[in-house]
Asker: 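My structure is below; once you've seen it, I'll send some questions.
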Protein chains: 2
Amino acid sequence: MKTTRNTAAKTAVLEIFGKSKTALSHTEIQKQIGDLCDRVTIYRILDRLVNDDIVHKIVNLDGTVKYAKCHHHAQRVHIHNHAHFSCENCLEITCLENVKPSYILPHNYKVNDINFTLSGLCPNCLNSNN
Amino acid sequence: MKTTRNTAAKTAVLEIFGKSKTALSHTEIQKQIGDLCDRVTIYRILDRLVNDDIVHKIVNLDGTVKYAKCHHHAQRVHIHNHAHFSCENCLEITCLENVKPSYILPHNYKVNDINFTLSGLCPNCLNSNN
DNA sequence: ATTTTAAAAGCAACTATGTTGCATTAAAAT
DNA sequence: ATTTTAATGCAACATAGTTGCTTTTAAAAT
């Protein structure tokens, strides 16, 4: 079985996730990393972290891809069925951990994964009425 | 006010949408269009159709972008809050027009748009047990 | 029917995002 | 200290989408 190593670059990426309250794109991470590692390395680190269920991948309505730390605690079957909120003004994406959609599906569909993204204005941008 | 014109390319694109039961990507449309028009033109036609609420844009879990005809009938406020199903096997995306998620949101969020995508196995692929 | 006008198309160039192959480096087990 | 192989760096490539500018053409005005 494959072991995963703790490298300087991976540690740096995890630290960046730790400090951020919102989801981050590859580009945003790269800006913070600077030249500590190659941009390809960041892609590969993100792949690994997603694979190890340490972060999850979020695809926004506009097609932008972001990543956020997982906050679940060792669930056996792991579906990221919580909602994500994408602010049209500040462009930040936040996980709404406790918002779970309920729905009724037609027969004969087997669901393995769910993406539920809401977009609009976040509390911050709603208050500063612009 | 801007008027929208009926061009040969636009007609062709609409015909392709008419024939398809599933959502289509730019590439899939381009393949069917052949050299009837430039690929940039297809992008611009899709933009216009989305703007005119004739098709809607669907961003899949894997980041692929597809388009599908709208089936609503002249609603004033137009939110595409129906679900989309993305099959992991045949990669087809279908609109589940009648599946609408219900959810409870924290205060101070203003929702303008919703993306609810389910992925797994569609009835076709579920039956042919592979 | 002809002229006018601006929407739409064509084309080339560019940007952004993500991937792959391969040689090199380094984490961690021995 | 040596060994093993995961991880990295780098170059090249692939795909998706955008932009500027000229030309074409749908459709309105004459």
Side-chain angles (χ1 to χ4, degrees), chain A residues 1-17 22-68 86 91-93 115 117, chain B residues 1-17 22-68 86 91-93 115 117:
Chain A
M1 119 189 150
K2 273 207 208 180
T3 55
T4 199
R5 292 179 185 176
N6 288 318
T7 62
K10 186 183 163 189
T11 307
V13 169
L14 282 175
E15 216 163 284
I16 288 166
F17 274 121
T22 57
L24 299 168
S25 67
H26 171 273
T27 312
E28 287 164 337
I29 293 166
Q30 202 191 338
K31 270 179 200 153
Q32 290 196 48
I33 284 272
D35 53 358
L36 193 137
C37 72
D38 195 74
R39 60 184 208 94
V40 178
T41 301
I42 299 172
Y43 278 117
R44 296 201 260 229
I45 288 170
L46 289 170
D47 281 352
R48 257 181 289 149
L49 293 177
V50 167
N51 236 285
D52 296 349
D53 268 346
I54 294 166
V55 306
H56 60 280
K57 190 177 174 176
I58 306 157
V59 178
N60 197 18
L61 277 179
D62 62 7
T64 53
V65 173
K66 301 218 175 187
Y67 300 85
S86 159
L91 302 180
E92 282 189 351
I93 294 180
N115 183 19
T117 308
Chain B
M1 117 189 153
K2 274 208 205 174
T3 55
T4 201
R5 290 181 185 174
N6 290 317
T7 63
K10 185 182 162 188
T11 307
V13 169
L14 282 175
E15 215 163 285
I16 289 166
F17 274 119
T22 58
L24 299 168
S25 66
H26 171 272
T27 313
E28 287 164 338
I29 293 167
Q30 202 191 337
K31 269 179 201 151
Q32 291 197 48
I33 284 273
D35 53 358
L36 193 137
C37 71
D38 195 74
R39 60 184 209 92
V40 178
T41 301
I42 299 172
Y43 278 116
R44 296 201 260 229
I45 288 170
L46 289 172
D47 282 352
R48 257 180 289 150
L49 292 178
V50 168
N51 235 284
D52 295 350
D53 268 346
I54 294 165
V55 306
H56 60 281
K57 189 176 175 177
I58 306 158
V59 178
N60 198 19
L61 277 180
D62 62 6
T64 52
V65 173
K66 301 218 175 186
Y67 300 85
S86 159
L91 302 180
E92 283 189 350
I93 294 181
N115 183 18
T117 308

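Each chain gets a letter, A, B and so on, in the order its sequence line appears, and its residues count up from 1. Values in this document were obtained by computation on a predicted structure and should not be read as measured data.
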Asker: Return yes if some donor-acceptor pair links the side-chain N/O of D52(A) with the main-chain N/O of I54(A) below 3.5 Å, else return no.
Answerer: no
Asker: Give a yes/no answer on whether the side chain of T41(B) brings an N or O atom under 4.0 Å of OP1 or OP2 in dA8(C).
Answerer: no
Asker: Atom CG in N115(A), atom OG in S86(B): separation rounded to 0.5 Å?
Answerer: 10.0 Å
Asker: By nearest nucleotide on DNA chain C, pick out whichever of T27(A) and R48(B) is the more 5' one.
Answerer: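 So the residue in question is R48(B).
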Asker: Rounded to the nearest 0.5 Å, what's the gap from CG on L14(B) to CG on L49(B)? Could you check?
Answerer: 5.0 Å
Asker: Return the OG1 to CD1 distance between T7(B) and I45(B), rounded to the nearest 0.5 Å.
Answerer: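 It is 5.0 Å, given to the nearest 0.5 Å.
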Asker: Shortest non-hydrogen contact from F17(A) to Y67(A)?
Answerer: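 Looking at all heavy atoms of both residues, the closest pair is CE2-O, 3.2 Å.
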Asker: If I take atom OG1 from residue T64(B) and atom CD1 from residue I93(B), how far apart are they, to the nearest 0.5 angstrom?
Answerer: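 With rounding to 0.5 Å, OG1 (T64(B)) is 5.0 Å from CD1 (I93(B)).
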Asker: Starting from P on dG18(C), measure out to CG on L46(A) and report it in whole angstrom.
Answerer: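 Taking atom P of dG18(C) as the reference, CG of L46(A) is at 9 Å.
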Asker: Nearest whole angstrom, please: distance from the C1' of dA16(D) to the CG of D62(B).
Answerer: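 Value for this atom pair: 13 Å.
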Asker: Whole-Å distance between dT17(C) P and N60(A) CG?
Answerer: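 In whole Å, dT17(C) P and N60(A) CG are 13 Å from each other.
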Asker: What one-letter contact string describes nucleotides 18-30 of chain D from 5' to 3', where B marks a base within less than 4.0 Å of any protein heavy atom, S marks contact via sugar-phosphate atoms alone, and - marks no contact?
Answerer: BBB----BBS---
Asker: Where along residues 28-37 of chain B does a heavy atom fall under 4.0 Å from DNA chain C?
Answerer: L36(B), C37(B)
Asker: What residues, two or more places apart in sequence or in another chain, satisfy side-chain contact (heavy atoms from CB on, under 4.5 Å) together with T11(B)?
Answerer: E15(B)
Asker: Look up atom CD1 in I33(A) and atom CD1 in I42(A), then write down how far apart they are to the nearest 0.5 Å.
Answerer: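 Answer rounded to 0.5 Å: 5.0 Å.
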Asker: Expressed in angstrom and rounded to an integer, what is the separation of I42(A) atom CD1 from dG9(D) atom C1'?
Answerer: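 So the CD1-C1' distance, I42(A) to dG9(D), works out to 12 Å.
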Asker: Which heavy atom of I58(A) sits nearest a heavy atom of A23(A), and at what distance?
Answerer: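 Taking I58(A) first and A23(A) second, the nearest heavy atoms are CD1-CB, 3.8 Å.
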Asker: Quick check on DNA chain D: between D38(A) and V65(B), whose nearest nucleotide comes earlier from the 5' end?
Answerer: D38(A)
Asker: For N51(B), check side-chain hydrogen bond (donor to acceptor under 3.5 Å, both in side chains) against everything at least two apart and list the hits.
Answerer: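 side-chain hydrogen bond (donor to acceptor under 3.5 Å, both in side chains) list for N51(B), sorted by chain: empty.
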Asker: If you look only at pairs with a residue in residues 28-43 of chain B, which of them pass as a side-chain hydrogen bond (donor to acceptor under 3.5 Å, both in side chains), with sequence neighbours excluded?
Answerer: S25(B)-E28(B), E28(B)-K66(B)
Asker: From CG of N51(B) over to C1' of dA7(C), roughly how many Å is that when rounded to an integer?
Answerer: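 In whole Å, dA7(C) C1' lies 14 Å from N51(B) CG.
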Asker: End-to-end bend of the helix from dA1(C)-dT30(D) to dT30(C)-dA1(D) (five-pair axes, 10° rounding)?
Answerer: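 The angle, to the nearest 10 degrees, is 30°.
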